[in-house]
Asks: 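Mind having a look at this structure? Questions to follow.
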Amino acid sequence: MASAQRPCDPRIVLVTGSTTGIGRAVAMRLAITGRTVIAHGRDLDRTTKAAAEMAALTGGHVEAAHGDVSDPAAVSAMAREIHQRHGRLDGLVVNAGIHAAGLLGMTRGDTVRDLFEVNAMGATHTLQATVRLLRRGTSPSAVLVSSIAGRQGAPGQAVYSATKAAILGLAKAAAKELGPAGIRVNAVAPGYIQTGMLATLDDDARAATVAATPLGRLGTADDVAAVTAFLLSSDACFITGQVIGVDGGLVL
Ligand code: NAD
């Protein structure tokens with residue numbers, strides 16, 4: 001497969017939660033353009049299988065790494081393994097996440113805990129554990145996957161929105177802290193994207209969302225992957241601390 005890579009583009013990139021959905025689309029896009037992609041999932045066997053599939057489909061180099069992002073020890077172990085394999089990371093995509101909807105008064109404590117532990121704390125653990133690897137990287141940068149819900153809130157999704165807003169704070173503060181070390185940190189805020197996560201959206205809600213979207217459709221995982229790849233690339237070398245909506249114009 002031909003490589004469209006340039007010398008300053010990231011060569012070794014970790015994408016968390018990349019056995020499915022947006023993460024998988026990001027991993028595939030990066031692999032097609034010649035990066036070494038470290039695909040990540042919770043379960044080793046499943047991730048190894050997904051990495052082999054992506055390598056076969058793209059002709060690229062896709063490795064597996066695993067660990068539950070809500071478990072700081074598992075995330076540290078993953079970072080140690082990447083250090084042993086490569087000694088550095090040039091790119092990081094913090095994508096692993098879960099969704100749960102529910103009115104504030106009806107949302108159970110364990111759901112609140114799970115959402116924060118995976119989305120907010122998981123993103124924080126991942127960035128913390130890999131920052132040393134990024135410091136050793138070439139033109140290093142990170143992209144954190146937030147959500148339209150984190151930018152403007154969504155009724156019935158208050159807790160999910162809070163966890164995704166936390167990711168925006170993390171990205172902006174990290175951009176300020178790590179900029180002097182040459183590490184860029186940005187966020188993408190997808191709107192309604194057709195992945196397994198959107199399966200609970202019923203036909204009426206789907207039609208209402210499309211009607212409210214200036215570009216008149218739901219997004220695809222590849223819509224988000226394209227922007228993520230751009231933010232990681234040297235074309236975005238003077239962009240840091242930004243939140244890029246990938247939402248068809250829903251947030252204006
Ligand atoms: P998805 O369910 O296909 O992807 C989520 C991935 O995260 C899965 O591969 C899953 O295995 C992984 N994951 C979940 N919990 C994990 C954990 N504890 N440890 C390790 N991995 C874990 O859905 P998606 O739509 O591709 O979601 C990707 C990201 O995009 C999420 O952060 C989500 O919040 C965000 N997002 C999605 C949408 C949408 O409409 N689909 C909109 C805005 C933001």
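Just so you know, ligand 1 is whichever comes first in the structure, and atom 1 is the first atom listed for that ligand. Since the model is a prediction, treat every value here as computed from it, not as a measurement.
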Asks: Sort and list the pairs that fulfil ring-ring contact (aromatic ring centres under 6.0 Å, His included) and have at least one residue in residues 213-239, not counting sequence neighbours.
Replies: none
Asks: Here's a test for you: under side-chain contact (heavy atoms from CB on, under 4.5 Å), which of V145, T126, L14 qualifies with V93?
Replies: V145
Asks: Please find the pair of heavy atoms, one from V13 and one from L92, that lie closest to each other, and give the distance.
Replies: CG1-N, 4.2 Å
Asks: Strictly by ring-ring contact (aromatic ring centres under 6.0 Å, His included), give each pair with a member in residues 65-124 just once, sequence neighbours left out.
Replies: H99-Y160
Asks: If only side-chain N and O atoms count, and only distance matters, is there a donor-acceptor pair under 3.5 Å linking R35 with T33?
Replies: yes
Asks: Below 4.0 Å from any atom of ligand 1, which residues have a heavy atom? Give them in chain and number order, please.
Replies: G17, T19, T20, G21, I22, H40, R42, G67, D68, V69, N95, A96, G97, I98, V118, V145, S146, S147, Y160, K164, P190, G191, Y192, I193, T195, M197, L198
Asks: Could you go through residues 170-181 and list every donor-acceptor pair under 3.5 Å that involves a side-chain atom there, pairing it with any protein atom two or more places apart or in another chain?
Replies:
none

